[in-house]
Amino acid sequence: MNLDNVFKKTRQISGRKNYIHLGRRKPEVPEGLLRKCNKCGSAIIAEDVKNGYYICPECGGYFRVDAYRRIDMIADEGSFVEWDEELETKNPLQYKGYEEKIEMLQKRTGLKEAVVTGEAKIDGNPTAVAVCDGRFMMASMGEVVGEKITRAVERATKKRLPVIIFACSGGARMQEGIVSLMQMAKTSAALKRHSDAGLLYISVLTDPTTGGVTASFAMLGDIILAEPKALIGFAGPRVIEQTIGQKLPKGFQRSEFLLEHGFIDEIVERPKMKEELGKILRLHREGCDFKSQEENEQKGKNSSSDEQKMCGGNESSKPAWDRVLTSRKKDRPVGSDYIRLLFEDFTEFHGDRLFGDDPAIIGGIAIFKDRPVTVIAQEKGSNTRENIYRNFAMPSPEGYRKALRLMKQAEKFKRPVICLVDTPGAFCGLEAEERGQGEAIARNLYELSNLETPILSIVIGEGGSGGALALAVSDEVWMLENSIYSILSPEGFASILWKDSTKAKEAASVMKLTAKDLKALGIIERILEEPENYNVQTMEPVTEALAGNIDQFLATYAKLSVTELTTHRYERFRKM
């Protein structure tokens with residue numbers, strides 16, 4: 001925005017045309033009307049910023065938002081009811097000048113303390129909310145902040161409400177010493193009880209979220225969202241640089257850094273935050289408008305003709321090696337294609353909360369015929385660039401750990417899990433071994449064997465070795481008729497047993513890796529027919545028939561108790 005535009009805009013708002021001269025003319029404006037962006041240095045109109053989600057109209061930088069304005073941005077109009085407004089700070093260490101500082105901030109901000117809590121509706125979904133306000137001692141967590149958050153979580157647990165906390169904090173409050181430190185344990189313990197009650201906690205990280213807040217409630221969400229470019233970390237960048245004596249890389253500890261390293265699920269722009277929160281709450285709402293059991297059963301009966309058509313598979317004598325080549329075709333539909341056609345409102349979540357986010361595995365929540373489900377897919381990508389980005393669907397340890405995290409989340413919220421298997425095998429690089437590839441796969445087998453929610457796995461392309469099995473310890477395994485599922489690739493089989501990888505074609509015929517072979521062996525339950533030329537353009541009839549069968553699967557397994565479900569899964573593998 002150039003200076004003349006500033007003059008013009010200012011005159012429109014202020015109605016004034018008088019200027020003062022300080023070397024060159026400058027606008028005389030009411031106090032507080034113009035602001036300078038502390039990120040790009042542009043002169044901006046304060047009212048425009050307030051009406052635009054507190055985002056700089058010139059550079060797109062985010063300004064910090066006070067708690068009540070934040071609530072206005074996300075809550076349905078008139079729905080917010082505040083809790084525990086009367087709580088006020090004491091001075092547990094009798095720190096000199098602390099009480100006077102608190103009193104001064106109370107007058108300046110109109111707040112009693114650095115967090116506002118209460119109940120609200122977001123797109124009609126009731127939820128408990130807690131919003132930190134950085135104007136009050138950088139929203140550091142003292143006794144009252146910890147107490148208000150804990151009370152809000154406890155009240156939400158009793159009322160069976162989800163919890164959303166907007167974190168913005170400099171960390172623990174130094175003036176309250178060890179008392180402040182104890183709030184980390186107190187808030188975390190309350191959230192553990194809330195989680196054990198099967199309730200949802202969404203943590204939203206804003207700029208900055210640091211110190212003891214990062215090391216407690218901020219990073220404990222079932223789902224962790226963040227605003228773009230927010231500073232998030234335990235120790236601040238300045239402290240780290242002083243400690244290690246090195247300059248930190250650009251973007252270190254920003255939201256994008258945490259997404260890349262697997263610690264948050266999604267970055268959400270501020271104008272889209274209410275919509276995203278509303279969708280997540282709806283997907284987790286108890287009693288989410290499911291079709292009745294009778295409707296599901298009737299749909300299963302209606303789809304029986306499709307099932308009969310699909311169960312037998314193509315009885316043609318297509319050679320095994322031809323099916324191997326077909327399963328690897330570049331234009332064959334991949335996991336994301338099935339997600340697009342089978343599910344509604346798919347929301348992808350990222351990261352293993354340990355090291356990174358593996359793009360070889362896509363995972364998230366979605367709606368399938370009015371039911372919330374968790375969907376996990378090994379993803380090859382549909383062109384060379386995507387193949388490379390997705391590592392040709394060869395997952396690393398963090399991919400399997402991400403999948404397990406989402407499956408355990410599904411167990412908590414009683415969502416069925418649907419896995420789409422398509423991998424040549426787990427990635428076998430040096431870094432994968434360093435990060436525990438074997439342990440990650442073993443942990444999935446261990447946990448999935450007793451996961452207390454239905455699991456369906458569908459092999460849509462290649463099912464390579466333990467890398468595929470890590471997503472296929474399930475109640476039923478289905479295969480498309482030209483997919484394969486094997487101990488390793490035919491090339492690897494020939495190389496190990498015959499010391500000649502060129503004999504892959506012969507190996508394929510003896511490995512019993514086709515859908516027909518595996519159904520005869522009792523390894524899989526169902527074969528799904530494909531058109532002769534199977535690609536994205538011809539896949540809709542396949543997914544329509546597949547949807548009917550998935551619907552029947554969910555109706556059948558929903559009837560089982562947890563004990564019946566886990567026993568059935570155990571016995572399924574026990575007899576192999």
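- In summary, Glu439 and Arg401 engage in a salt bridge, as defined by a charged side-chain N under 4.0 Å from a carboxylate O.
- Between the side chain of Arg160 and the main chain of Ala197, a donor-acceptor pair closer than 3.5 Å is present.
- With sequence neighbours excluded, the residues satisfying side-chain hydrogen bond (donor to acceptor under 3.5 Å, both in side chains) with Arg353 are Asp265.
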If you look only at distance, which donor and acceptor atoms sit under 3.5 Å apart when one is on a side chain in residues 357-366 and the other is two or more places apart or in another chain?
residue: Asp357; atom: OD1; partner: Gly351; partner atom: N; Å: 2.7
residue: Asp357; atom: OD1; partner: Lys402; partner atom: NZ; Å: 2.9
residue: Asp357; atom: OD2; partner: His350; partner atom: ND1; Å: 3.0
residue: Asp358; atom: OD1; partner: Ala360; partner atom: N; Å: 3.0
residue: Asp358; atom: OD2; partner: Ser396; partner atom: N; Å: 2.7

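- The shortest heavy-atom contact between Leu565 and Leu451 is CD2-O, 4.3 Å.
- Closest heavy-atom contact between Ala128 and Ala156: CB-CB, 3.8 Å.
- The stretch residues 108-125 participates, sequence neighbours left out, in these salt bridge (Lys or Arg N to Asp or Glu O under 4.0 Å) pairs: Glu88-Lys112, Glu113-Arg173, Glu119-Lys159.
- Proximity of a side-chain donor or acceptor of Asn125 to a complementary backbone N or O of Ile122 within less than 3.5 Å is detected.
- For the pair Arg443 and Tyr446, the distance from NZ or CZ to the six-membered ring centre is under 6.0 Å and the angle to the ring normal is within 45 degrees.
- Between the side chain of Ser42 and the backbone N or O of Ile44 there is no donor-acceptor pair closer than 3.5 Å.
- Among all heavy-atom pairs drawn from Leu342 and Phe368, the shortest one is O-CD1, 3.4 Å.
- Comment: Arg64 engages Asp207 in a salt bridge, judged by a side-chain N to carboxylate O separation of less than 4.0 angstrom.
- Residues passing the side-chain hydrogen bond (donor to acceptor under 3.5 Å, both in side chains) test with Glu227, sequence neighbours excluded: Arg70, Arg270.
- Open room surrounds CD on Glu85; 12 or fewer heavy atoms of other groups in view lie less than 6.0 Å from it.
- The distance from the CG atom of Asn91 to the OH atom of Tyr98 is 7.0 Å, given to the nearest 0.5 Å.
- For Tyr95, the OH atom is loosely surrounded, since the number of other residues' heavy atoms within 6.0 Å does not exceed 12.
- Between Glu275 and Lys272, no side-chain nitrogen of the basic residue sits less than 4.0 Å from a carboxylate oxygen of the acidic one, so the salt-bridge criterion is not met.
- Closest of all the heavy-atom pairs between His194 and Leu200 is CE1-O, 3.1 Å.
- Heavy atoms from other residues, nucleotides or ligands lying under 6.0 Å from NZ of Lys279 number more than 12.
- Other residues, nucleotides and ligands contribute over 12 non-hydrogen atoms within 6.0 Å of the OH atom of Tyr68.
- Residues Arg415 and Thr374 have side chains that bring a donor and an acceptor to within less than 3.5 angstrom of each other.
- Taking 4.5 Å as the limit, some side-chain heavy atom of Val49 sits within range of a side-chain heavy atom of Phe63.
- Contact detail for Ala226 and Ser255: the closest heavy-atom pair is CB-OG, 3.7 Å.
- At distances below 3.5 Å, at least one donor-acceptor pair connects side-chain atoms of Gln437 with backbone N or O atoms of Phe427.
- Counting heavy-atom neighbours within 6.0 Å of Arg69 CZ, excluding the residue itself, gives a total above 12.
- A cation-pi arrangement is not found for Arg151 relative to Trp83, the charged atom failing to lie both closer than 6.0 Å to the ring centre and inside a 45° cone about the ring normal.
- A donor atom on one side chain and an acceptor atom on the other are not found under 3.5 Å apart for Gln409 and Lys412.
- Shown here are the side-chain hydrogen bond (donor to acceptor under 3.5 Å, both in side chains) partners of Asp76, two or more places apart in sequence or in another chain: Lys274.
- Going from atom CE of Met219 over to atom OG of Ser188 covers 12.0 Å, rounded to the nearest 0.5 Å.
- With respect to the salt-bridge test (charged N to carboxylate O, under 4.0 angstrom), the residues Glu452 and Lys414 do not qualify.
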Test log, rule side-chain hydrogen bond (donor to acceptor under 3.5 Å, both in side chains), inputs Glu269 and Tyr53: CA-CA 10 Å; Glu269 294 176 358; Tyr53 292 92; over 6 Å; no
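- For the residue pair Ile240 and Ala235, the shortest heavy atom distance occurs at CD1-O, 3.5 Å.
- Thr187 has its side chain out of reach of Val153: every pair of non-hydrogen atoms, C-beta onward, lies at least 4.5 Å apart.
- Not counting sequence neighbours, the partners of Asp133 by the side-chain hydrogen bond (donor to acceptor under 3.5 Å, both in side chains) test are Arg135.
- Results of the side-chain contact (heavy atoms from CB on, under 4.5 Å) test with Pro237 over Arg254, Gln253, Gln242 single out Gln253 as the only residue that passes.
- For Glu344, the CD atom counts as loosely surrounded, since its 6.0 Å shell holds 12 or fewer non-hydrogen atoms of other residues, nucleotides or ligands.
- Proximity of a side-chain donor or acceptor of Ser180 to a complementary backbone N or O of Met141 within less than 3.5 Å is detected.
- Counting heavy atoms of neighbouring residues, nucleotides and ligands inside a 6.0 Å radius, atom CD of Glu77 does not exceed 12 of them.
- Thr209 contributes a side-chain N or O that, together with a main-chain N or O of Thr206, makes up a donor-acceptor pair within less than 3.5 Å.
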